[in-house]
Amino acid sequence: MKHLYATLLFIAIVCQAAHGQFAATSAAWNRPIEPFRVVGNLYYVGASDVSAFLLTTPEGHILIDSGLAETVPLIEANLKKLGFRLEDIRLLLISHGHFDHVGGMAELKSRTKARLLANPVEKALLMRGGKGDFAFQDKYPFAPVEPDGALGDDEEVRFGGAVLKAHFTPGHTKGSTTWTTTITDGGRAYNVVIAASLSAPGYQLIDNPDYPSIVADYEASIAKLRALPCDIFLSLHSWDFGLHAKVAARAKDGAVNPFVDPEGYLRFLEKSKANLQKQIEEQRKPISQK
Ligand SMILES: [Zn+2]
């Protein structure tokens, strides 16, 4: 009995520590930053370390990702600062079904009545509110949200004159999606890529019974991303696309747009590939060498 009590106490402490860490990470990623125009009618409206992108059109706006549940008030304030209204969002799109990218989708959907379109592979995860994730199980739940429509791979979403293309790039989740669009600004057309996450935080890459094709999927996704024309490189976490350094660079010299970064995009792909390779090799080592 005493042993059982000690075990339960231990579990409670571990759970609380994990939850505390979760909350601390969320807060650290959710610091407010000034929203800004990336190029043309595309704006960054997210938080310090979780992205949200707004594409404005005369028929209403398109929002890609909500950030965390706690990011929604920041997005609302950011839109207001830019002269837009949350209620004018008509279309909601997502990168993937993790708490830090779709945690606020349920609230945004109910407040805006916008249509949410998603990769059908991600639908079940979204409807379970992130529970039963192949890697995190029930560790990072969010408010469940039901997509209104299913996208096809390489499908073009057309709304208000904007054209966004969905590229299925699985690995980080089974339904991860990269978005591309072309935006004309100052007489020049820019190929924009909002790249999916390619990290595998703590993932079992070798012989994963819950995701047997995980390595092949990552490799195919990286090859697919490499083939995309990219002028403007964006992604889902600040560190992946150098958000803060680029914001600082633009503040120094407004004449250049540091988000035009095709080399940075390729570097991101190479670095992600190398990280995965390292992780795979580490997991292939016999236990005695670990
Ligand atoms: Zn994720």
Side-chain angles (χ1 to χ4, degrees), residues 7-8 10-26 29-30 50-52 64-72 92-110 115-153 166-179 195-221 235-237 272 276 279-280 283:
T7 305
L8 288 175
F10 176 73
I11 290 169
I13 289 167
V14 168
C15 288
Q16 212 168 28
H19 186 78
Q21 200 179 22
F22 178 36
T25 304
S26 300
W29 291 354
N30 201 45
V50 284
S51 300
I64 303 175
D65 278 0
S66 72
L68 303 144
E70 298 85 350
T71 312
V72 174
L92 295 165
L93 303 173
I94 68 160
S95 60
H96 66 283
H98 278 162
F99 75 100
D100 47 342
H101 306 286
V102 295
M105 269 301 161
E107 184 186 341
L108 284 171
K109 197 184 155 194
S110 82
R115 263 171 73 75
L116 169 64
L117 302 181
N119 181 336
V121 178
E122 211 76 331
K123 183 177 177 177
L125 185 63
L126 294 169
M127 291 184 68
R128 292 195 303 266
K131 290 188 176 173
D133 182 277
F134 81 89
F136 302 127
Q137 285 83 40
D138 297 351
K139 206 170 157 193
Y140 301 121
F142 53 84
V145 63
E146 182 173 3
D148 301 291
L151 297 162
D153 192 8
H167 307 263
F168 293 176
T169 41
H172 182 77
T173 64
K174 294 177 185 178
S176 277
T177 303
T178 291
W179 289 97
S197 283
L198 295 170
S199 64
Y203 288 9
Q204 181 189 336
L205 297 171
I206 308 294
D207 298 331
N208 188 331
D210 298 315
Y211 193 170
S213 64
I214 187 166
V215 171
D217 279 6
Y218 270 116
E219 284 172 353
S221 292
S235 193
L236 314 182
H237 287 290
S272 301
L276 283 165
Q279 204 169 327
I280 291 165
Q283 291 179 12

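Between the NE2 atom in His167 and the CG atom in Leu151 there is a gap of 11.5 Å [rounded to 0.5 Å]. Rounded to the nearest 0.5 angstrom, Met127 CE and Leu125 CG are separated by 11.5 Å. Put simply, CZ on Phe142 and CG on Leu68 are 11.5 Å apart, with the number rounded to the nearest 0.5 Å. The CG atom of Leu92 lies 10.5 Å from the CD1 atom of Ile64; values are rounded to the nearest 0.5 Å. To the nearest 0.5 angstrom, Ile94 atom CD1 is 7.5 Å from Asn119 atom CG. Taking CD of Gln283 as the reference point, atom CD1 of Ile206 lies at 6.0 Å (rounded to 0.5 Å).
When every heavy atom of Met105 is checked against every heavy atom of Leu116, the shortest pair comes out as SD-CD1, 4.2 Å. Residues Phe168 and Gly152 share a closest heavy-atom pair of CZ-C, 3.5 Å. Closest non-hydrogen pair, Ser66 versus Gly103, comes out as OG-N, 3.4 Å.
Ring pair His101/His237 is perpendicular by interplanar angle, where above 60° counts as perpendicular and below 30° as parallel.
Proximity of a side-chain donor or acceptor of Ser95 to a complementary backbone N or O of Ala196 within less than 3.5 Å is not detected. Using a distance-only test at 3.5 Å, with no hydrogens or angles considered, a donor-acceptor pair links the side chain of Asp138 to the main chain of Gly132. Of the possible polar contacts, one joining the Gln279 side chain to the Ala200 backbone as a donor-acceptor pair under 3.5 Å is found. Checking side-chain atoms of His172 against main-chain N and O of Ser199 turns up a donor-acceptor pair under 3.5 Å. Checked by atom type and distance alone, the side chain of Thr178 never pairs as donor or acceptor with a backbone atom of Ala195 at under 3.5 Å.
A salt bridge is defined here as a Lys NZ or Arg NE, NH1 or NH2 lying under 4.0 Å from an Asp or Glu carboxylate O, and Lys174 with Asp217 fails to meet this definition.
Considering only residues two or more places apart in sequence or on other chains, Ser235 meets the side-chain hydrogen bond (donor to acceptor under 3.5 Å, both in side chains) condition with none of them. Partners of Asp153 under the side-chain hydrogen bond (donor to acceptor under 3.5 Å, both in side chains) rule, at least two apart in sequence or in another chain, are Lys224. By the ring pair (Phe, Tyr, Trp, His ring centres under 6.0 Å) test, Tyr211 pairs with Phe134, sequence neighbours left out.
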Q | Check against side-chain contact (heavy atoms from CB on, under 4.5 Å), Leu93 and Trp179 | A | CA-CA 9 Å; Leu93 303 173; Trp179 289 97; 3.9 Å; yes
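Residues Glu122 and Thr177 are not in side-chain contact: their nearest non-hydrogen atoms beyond the backbone lie 4.5 Å or more apart. Residues Pro141 and Arg128 fail the side-chain proximity criterion, which asks for heavy atoms closer than 4.5 Å. Pro147 has its side chain within reach of Leu126: a pair of non-hydrogen atoms, C-beta onward, lies under 4.5 Å apart. Contact check for Asp133 versus Tyr140: no side-chain heavy atoms found under the 4.5 Å cut-off. Looking only at side-chain heavy atoms (C-beta outward), Asn208 and Tyr203 stay at 4.5 Å or farther from each other. Lys109 places a side-chain heavy atom less than 4.5 Å from the side chain of Asp148. Side-chain atoms of Gln204 and Ile214, non-hydrogen and from C-beta on, never get closer than 4.5 Å to each other. Residues Tyr218 and Ser272 are not in side-chain contact: their nearest non-hydrogen atoms beyond the backbone lie 4.5 Å or more apart.
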